[in-house]
Asks: 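Mind having a look at this structure? Questions to follow.
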Amino acid sequence: MAAPALRASSVPSRWADPALWLFGSLIAALIFLVANPILRLVWDSIGVVDGAGVTLDHYIAAFGRSRHVQAMLNSLYLGGAVTLIALLLGVPLALAVSRTNMPGRGLAHLSVLAAFVMPNFLGAIAWILLAGPNAGWLNRLWLALFGGDKGPFNIFSFWGLAFVIALYTFPLVYVFTKSALDLVSTELEDAASIHGAGKLRTLTRVTLPLVMPSIVGASILIFLESVALYGTPALIAIPAGINLATTQIATFFEYPLRIHQAAAFAMPILLLTVVMLFMQRKILSRKGFVSVSGKGGERRAFDVGAWKWLLMAHAGLIGLLTVVMPLVILILASLSKAWGRGVAAGNLSFANYHDIFFQQLTVRSALINTVLFSGATALVCVLMGLCIAYATQRRITPLPGVVQFLALAPIAVPGLILAIGLYAAYAGPPFSLYGTGALIVIAFTTRFLPIAVTACGASVRSLNPELEEAVRVLGGGRLTVLAKVVFPLLRKTLAGVFILVFVICTKELSTAVFLTGPQSRVVSVLTLDLSEQGNYETLAAMGVVLVVITTLVVAAGMRIAGRDFMLRRG
């Protein structure tokens, strides 16, 4: 007897699969987060205001003044200067930590982590207090010791600006160079020594060429970061009278608002970023420069003799300039009734901390907003990053390459330029999100989602799919696989990604500067307001509290995900 035909209603519909709706929602979210603001940015640069059609008038207005063109050139000069200083700081330190018997290598490595954690804008404030031309404490110390009319230090200069930016971007050079050095076997260097090459010749003819692609790749990233940075230039370049591309873009947001000119002015920076990131990718993919794939071969520290003490002095100087001196001056300023009076018993007080917690509602609100927005962004990035990485690596969604491209595209958009696109897309109707915390979280998520997708993608690739297939055979769906298999196996990676994104969000200024309102202001944006008012005592106290919070979070991350989770190259 033939089996009765199945009713159509008993056949499970493909559309009833919750995973399909989840991954479809992810694609929609990526279009909302990434494609819409970038396309809106491009359109605003060429679109006719309040009408249809295309025009180049916005470009003519943006670049029609020599001051505007000079601002762009100044940014390119600054990028080159910062890159040079960062190389001088980072490459010798990476060589010392990775390849030599320099004492205190672990401490030097931790000092780089501390420099990475220190927000750029707080470092700039600290160096204003240290090396301001009149009241800077280093200049006052110089005058007390040697006399004279004025001290030798002036942070409000082109090279002062480049120096401060380099202090907090050189960790990129260090990480890229050290990661490459850790993969190079010392057997090649031994072979050079056997053939009569000295240590210096071996370094210049063998070791450095092997890691040169990584050094060049890091240099490109630092150059682009310097060109697109806003916080430190706003604090130092504007008082110094140095006009840069990012500070010029900020003037387009003054009354009357000129969003179309801002979009047009941002296009060369966006194009430069895309081209240079493409170059970086091609350089880093050139396997001909690599000695081995990373497995096998002996790696040991070289005895560099008396040079180890010079290298240790170099490492100590970097730690002093990036962490110790800035933190000491911030703590002293935060405890001062008036920071210009110096260290005196009658000038020390905890009143500034009392004020920011109990009196200064704006500061307390900014601290709370920073923690809440950073935590929300980190959570969204982890969840979206895991789902996108799983969907693309396991090829669940249609066009997985397009989905991955959308998720990683924001890495090619500088934060300030992304903020312009987000402002154009979501500040006005129908969304009207300007000044809300939701827009800040959207901006941060868009900016830092590539970090989560990259980290989660590498971890998903390392998982054996047989465990997932076993769950599927037993009747579990894709969501069950994610919840019961993938998530538990990757919990350490996900915790590390959460903490990394959280810490980076607390430092972010460029993306937030045009998007915050009175109720959604974060610490980075409030720093600019307080510095304009000259309220460095309150600013320093707020900065110290932020550093304490991020340090505790990083300590938790080191406990959960390992000591190097923030300096690990994906």
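Basis for what follows: all heavy atoms, side chains included, without hydrogens, waters or symmetry-related copies.
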Asks: What verdict does the side chain to side chain contact (heavy atoms under 4.5 Å, CB included) test give for V211 and F176, after you've listed the backbone C-alpha separation in whole Å, the side-chain angles of each residue and the deciding distance to 0.1 Å?
Replies: CA-CA 9 Å; V211 298; F176 272 67; over 6 Å; no

Asks: Is there side-chain contact between V227 and L78, with heavy atoms separated by less than 4.5 Å?
Replies: no

Asks: Can you give each donor-acceptor pair under 3.5 Å made by side-chain atoms of residues 494-506, sequence neighbours left out, with the distance rounded to 0.1 Å?
Replies:
residue : atom : partner : partner atom : Å
T506    : OG1  : V503    : O            : 2.5

Asks: Is the shortest heavy-atom distance from the side chain of V112 to the side chain of K178 under 4.5 Å?
Replies: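 Result no, sub-4.5 Å side-chain heavy-atom pair not found.
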
Asks: With a 6.0 Å cut-off (strictly less than), is the heavy-atom count around CD1 of I411, excluding the residue itself, greater than 12?
Replies: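 No, the 6.0 Å shell around CD1 holds no more than 12 heavy atoms from other groups.
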
Asks: Give the intermediate values and the outcome of side chain to side chain contact (heavy atoms under 4.5 Å, CB included) for residues L509 and L528.
Replies: CA-CA 10 Å; L509 172 59; L528 298 183; 4.2 Å; yes

Asks: What residues form a side-chain contact (heavy atoms from CB on, under 4.5 Å) with P92, not counting sequence neighbours?
Replies: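 Partners of P92 under the side-chain contact (heavy atoms from CB on, under 4.5 Å) test: H314.
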
Asks: So, the side chain of T392 versus the backbone of A389: is there a donor-acceptor pair under 3.5 Å, distance only?
Replies: yes

Asks: Can you tell me how far apart CG (L530) and CD1 (I125) are? Round to the nearest 0.5 Å.
Replies: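 Going from the CG atom of L530 to the CD1 atom of I125 covers 8.5 Å.
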
Asks: Using the test ring-ring contact (aromatic ring centres under 6.0 Å, His included), find all partners of F514 that sit at least two apart in sequence or belong to another chain.
Replies: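 Partners of F514 under the ring-ring contact (aromatic ring centres under 6.0 Å, His included) test: F253.
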
Asks: Restricting to pairs with a member in residues 216-234, which pass side-chain hydrogen bond (donor to acceptor under 3.5 Å, both in side chains), not counting sequence neighbours?
Replies: none

Asks: Which residues satisfy the side-chain contact (heavy atoms from CB on, under 4.5 Å) test with N139, sequence neighbours excluded?
Replies: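 N139 satisfies side-chain contact (heavy atoms from CB on, under 4.5 Å) with P152, F153 once adjacent residues are dropped.
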
Asks: Could you work out, with side-chain contact (heavy atoms from CB on, under 4.5 Å) as the rule, every residue matching E532, not counting sequence neighbours?
Replies: none

Asks: Think K507 forms a cation-pi with F116, using NZ or CZ under 6.0 Å from the six-ring centre and within 45 degrees of its axis?
Replies: yes

Asks: Determine the minimum heavy-atom distance between C381 and A452, stating which atoms define it.
Replies: O-CB, 3.2 Å

Asks: Which heavy-atom pair separates Y168 from T322 by the least distance, and what is that distance?
Replies: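 Shortest heavy-atom contact: OH-O, 2.9 Å.
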
Asks: Indicate yes or no: at least one non-hydrogen side-chain atom of M279 is less than 4.5 angstrom from one of V216.
Replies: no

Asks: Apply the test side chain to side chain contact (heavy atoms under 4.5 Å, CB included) to residues Y174 and V97: give CA-CA distance (whole Å), side-chain angles for both, the deciding distance (0.1 Å), then the verdict.
Replies: CA-CA 10 Å; Y174 171 85; V97 173; 3.4 Å; yes

Asks: Might you point out which heavy atoms bring G415 and T511 nearest each other, and give the distance in Å?
Replies: CA-OG1, 3.6 Å

Asks: Are any of the side-chain heavy atoms of V323 and M118 separated by less than 4.5 Å?
Replies: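 In short, these two side chains do not touch, never coming nearer than 4.5 Å.
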
Asks: Answer yes or no: is there a donor N or O on one side and an acceptor on the other, between the side chain of R99 and the main chain of L181, under 3.5 Å?
Replies: yes

Asks: What residues form a ring-ring contact (aromatic ring centres under 6.0 Å, His included) with W142, not counting sequence neighbours?
Replies: F146

Asks: Could you work out, with side chain to side chain donor-acceptor pair (under 3.5 Å) as the rule, every residue matching S531, not counting sequence neighbours?
Replies: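 None.
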
Asks: Nearest 0.5 Å, please: how far is CG in N120 from OG in S524?
Replies: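 Between S524 OG and N120 CG, I get 11.0 Å after rounding to 0.5 Å.
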
Asks: Would you say that M276 contacts L221 through its side chain, given a criterion of any heavy-atom pair below 4.5 Å between the two side chains?
Replies: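 No; the side chains remain at least 4.5 Å from each other.
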
Asks: Of all residues at least two apart in sequence or in a different chain, which pass the salt bridge (Lys or Arg N to Asp or Glu O under 4.0 Å) check with R521?
Replies: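 Here the qualifying residues are D529.
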
Asks: Can you name the closest pair of heavy atoms from V513 and S510 and give their distance?
Replies: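 Heavy atoms of V513 and S510 come nearest at CG1-O, 3.4 Å.
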
Asks: Can you find a pair of side-chain heavy atoms, one from L93 and one from I318, that are under 4.5 Å apart?
Replies: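 They are in contact (side-chain heavy atoms under 4.5 Å apart), so the answer is yes.
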
Asks: Measure the CG-OG1 distance between L311 and T100 for me, rounded to the nearest 0.5 Å.
Replies: 5.5 Å

Asks: So, the side chain of T454 versus the backbone of P450: is there a donor-acceptor pair under 3.5 Å, distance only?
Replies: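 A pair under 3.5 Å: yes.
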
Asks: Compare every heavy atom of F170 with every heavy atom of A115, then report the nearest pair and how far apart it is.
Replies: CB-CE2, 4.2 Å

Asks: Would you indicate whether the side-chain heavy atoms of M542 and V523 approach each other to under 4.5 Å?
Replies: yes

Asks: Nearest 0.5 angstrom please: L143 CG to L138 CG, how far?
Replies: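 Between L143 CG and L138 CG, I get 11.0 Å after rounding to 0.5 Å.
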
Asks: Report yes if some heavy atom in the side chain of M325 is under 4.5 Å from a heavy atom in the side chain of V328; otherwise report no.
Replies: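 When only atoms from C-beta onward are counted, V328 and M325 do not touch, as no gap falls below 4.5 Å.
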
Asks: Using side chain to side chain contact (heavy atoms under 4.5 Å, CB included), reason through L129 and Y536 one step at a time and then give a plain yes or no.
Replies: CA-CA 8 Å; L129 299 177; Y536 289 107; 3.9 Å; yes

Asks: Using modelled atom types only, decide if a donor and an acceptor are shared between the side chain of T169 and the backbone of I165 within a distance under 3.5 Å.
Replies: yes

Asks: Partners of F265 by ring-ring contact (aromatic ring centres under 6.0 Å, His included), sequence neighbours excluded?
Replies: F63, F252

Asks: Quick one: pull up CZ in F448 and OG1 in T445 and give me the separation to the nearest 0.5 Å.
Replies: 9.5 Å

Asks: Nearest 0.5 Å please: distance from the CG atom of L321 over to the CG atom of L167.
Replies: 6.0 Å

Asks: Which pair of heavy atoms, one from S75 and one from L244, lies closest together, and at what distance?
Replies: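 Taking S75 first and L244 second, the nearest heavy atoms are OG-CB, 3.5 Å.
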
Asks: For T273, enumerate each residue passing the side chain to side chain donor-acceptor pair (under 3.5 Å) test, keeping only those at least two apart in sequence or located in another chain.
Replies: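 T273 satisfies side chain to side chain donor-acceptor pair (under 3.5 Å) with no other residue.
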
Asks: Please identify each residue that fulfils side-chain contact (heavy atoms from CB on, under 4.5 Å) with A126, with sequence neighbours left out.
Replies: P326, I329, L330

